[in-house]
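See structure below.
Starting from 1, each residue takes its place in the sequence as its number.
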Amino acid sequence: MISNMKEKTGKTLEEWQLILKQKAFAKHSEAMAFLKETHSVTHGFANTIVLLSKEGSPGASELVEAQYSGKENLKPLYLQLVSMITSFGTDVAVIPKKDSVSLVRKKQFALIKPATKTRLDIGIKLRNTPVGERLGNSGPFGTMCTHRVLLNSLEEIDEELKTWLHSAYLEAN
């Protein structure tokens with residue numbers, strides 16, 4: 001996101017950070033509203049800009065590295081998932097947070113979280129889709145996602161998972 005921010009929003013992250021610093025918003029939501037309403041920045045980019053503009057905040061790559069520290073075996077799964085999901089469209093925002101990575105179009109549609117040393121949890125927001133054996137209930141994700149898929153290997157990143165994620169992406173417009 002950071003590398004194509006200027007192309008998509010008209011400004012670099014550093015330029016946005018200066019704008020937000022001059023405004024000195026007290027709340028995350030106020031800064032988000034300002035970027036979206038005044039500058040027509042999409043939700044995903046606005047959230048990324050605000051998160052990365054907070055004083056002393058780690059950068060996106062540092063957040064991801066911290067998530068996979070001690071769980072390096074899961075990083076190839078994460079990278080494969082992000083590669084697949086970003087192929088859905090240029091409007092996918094990959095937003096690292098402290099313990100997970102959100103995938104956002106106009107709304108969040110998926111979430112990737114290293115749950116244990118051997119498993120990734122994929123949260124997916126799908127309307128009108130029944131829970132099944134593999135596509136389980138949202139579990140610890142609560143209302144952020146409607147379903148959860150547990151991943152232990154690259155082989156589990158298959159067409160079925162891609163279909164669910166792509167459906168969630170399409171619903172998030």
Side-chain angles (χ1 to χ4, degrees), residues 1-72 74-115 120-126 138-146 148 151 165-166 168-173:
M1 275 191 86
I2 295 168
S3 62
N4 68 3
M5 188 173 290
K6 183 165 178 80
E7 174 191 338
K8 299 291 183 181
T9 68
K11 293 179 180 26
T12 64
L13 175 61
E14 293 76 19
E15 291 169 319
W16 286 119
Q17 287 172 326
L18 285 172
I19 290 168
L20 290 181
K21 189 173 184 176
Q22 292 169 352
K23 293 288 185 180
F25 292 102
K27 294 184 178 181
H28 182 93
S29 59
E30 293 170 354
M32 289 272 299
F34 169 76
L35 291 172
K36 291 164 72 172
E37 294 165 12
T38 306
H39 295 282
S40 301
V41 175
T42 63
H43 180 86
F45 276 105
N47 192 49
T48 299
I49 292 164
V50 174
L51 282 173
L52 298 179
S53 296
K54 291 181 181 173
E55 197 69 34
S57 67
S61 60
E62 289 89 355
L63 289 168
V64 171
E65 289 308 314
Q67 288 177 32
Y68 292 91
S69 177
K71 302 172 186 175
E72 289 79 4
L74 296 175
K75 188 90 179 273
L77 280 75
Y78 166 78
L79 294 172
Q80 181 70 27
L81 281 166
V82 169
S83 176
M84 177 193 354
I85 293 167
T86 56
S87 75
F88 297 160
T90 58
D91 57 349
V92 174
V94 179
I95 305 172
K97 299 177 182 173
K98 184 177 179 184
D99 65 352
S100 63
V101 173
S102 292
L103 291 302
V104 177
R105 193 173 185 194
K106 288 185 180 171
K107 298 180 262 185
Q108 177 176 291
F109 64 90
L111 177 61
I112 303 170
K113 178 178 179 151
L120 282 183
D121 283 3
I122 312 306
I124 306 173
K125 193 159 201 150
L126 285 169
S138 64
F141 295 135
T143 59
M144 292 189 313
C145 299
T146 56
R148 178 175 61 151
L151 287 183
L165 289 165
H166 191 255
Y169 163 80
L170 293 174
E171 289 179 13
N173 63 4

Inset, instruction - Would you check if S102 and M144 make a side-chain contact, meaning some heavy-atom pair closer than 4.5 Å? - result: no
Legend entry - Parallel, tilted or perpendicular: rings of Y169 and F109 (30°, 60°): perpendicular
Inset, instruction - Go through the structure and list residues passing side-chain contact (heavy atoms from CB on, under 4.5 Å) with T146, not counting sequence neighbours. - result: K125, L126
Legend entry - K71 side chain reached by L120 side chain, heavy atoms, under 4.5 Å: no
Inset, instruction - Indicate yes or no: at least one non-hydrogen side-chain atom of N47 is less than 4.5 angstrom from one of V104. - result: no
Legend entry - Flag for H43-K36: side-chain donor and acceptor within less than 3.5 Å: yes
Inset, instruction - Enter the distance from T9:OG1 to E7:CD here, rounded to the nearest 0.5 Å. - result: 10.0 Å
Inset, instruction - Determine the minimum heavy-atom distance between S87 and M84, stating which atoms define it. - result: OG-O, 2.5 Å
Legend entry - salt bridge (charged side-chain N to carboxylate O under 4.0 Å, His left out) partners for K75, two or more places apart: E65
Inset, instruction - Evaluate the side-chain proximity of V50 to F25: yes if any heavy-atom separation is below 4.5 Å, no if none is. - result: no
Inset, instruction - Could I get the full list of salt bridge (charged side-chain N to carboxylate O under 4.0 Å, His left out) partners for K113, not counting sequence neighbours? - result: D99
Legend entry - side-chain contact (heavy atoms from CB on, under 4.5 Å) partners for K27, two or more places apart: S29, E30
Legend entry - Any donor-acceptor N/O pair, T86 side chain to S83 backbone, under 3.5 Å: yes
Legend entry - Shortest non-hydrogen contact from L111 toward C145: CB-SG, 4.1 Å
Legend entry - Non-hydrogen atoms of G44 and I95 that approach each other most closely: O-CD1, 3.5 Å
Inset, instruction - Give, for atom CE of M32 and atom CD of E37, the distance between the pair rounded to the nearest 0.5 Å. - result: 10.5 Å
Inset, instruction - Could you name each residue pair satisfying ring-ring contact (aromatic ring centres under 6.0 Å, His included) that touches residues 4-24, not counting sequence neighbours? - result: W16-H39
Legend entry - Counterpart residues, side-chain contact (heavy atoms from CB on, under 4.5 Å), relative to Q67 (two or more places apart): V101, P114
Inset, instruction - Indicate yes or no: at least one non-hydrogen side-chain atom of M5 is less than 4.5 angstrom from one of T48. - result: yes
Inset, instruction - State which residue, out of R105, K8, K107, K106, fulfils the salt bridge (Lys or Arg N to Asp or Glu O under 4.0 Å) condition with D91. - result: R105
Inset, instruction - State the CD1-CD1 distance between I49 and I19, to the nearest 0.5 angstrom. - result: 8.5 Å
Legend entry - Positive for side chain to side chain contact (heavy atoms under 4.5 Å, CB included) with L103, one of L165, I112, I124, I122: I112
Inset, instruction - Give the ring-plane orientation class for Y78 versus Y68, where under 30° counts as parallel, over 60° as perpendicular and anything between as tilted. - result: tilted
Legend entry - Any donor-acceptor pair under 3.5 Å from Q80 side chain to L77 backbone: no
Legend entry - Rounded distance [0.5 Å steps], CG in L20 versus CD in E15: 12.5 Å
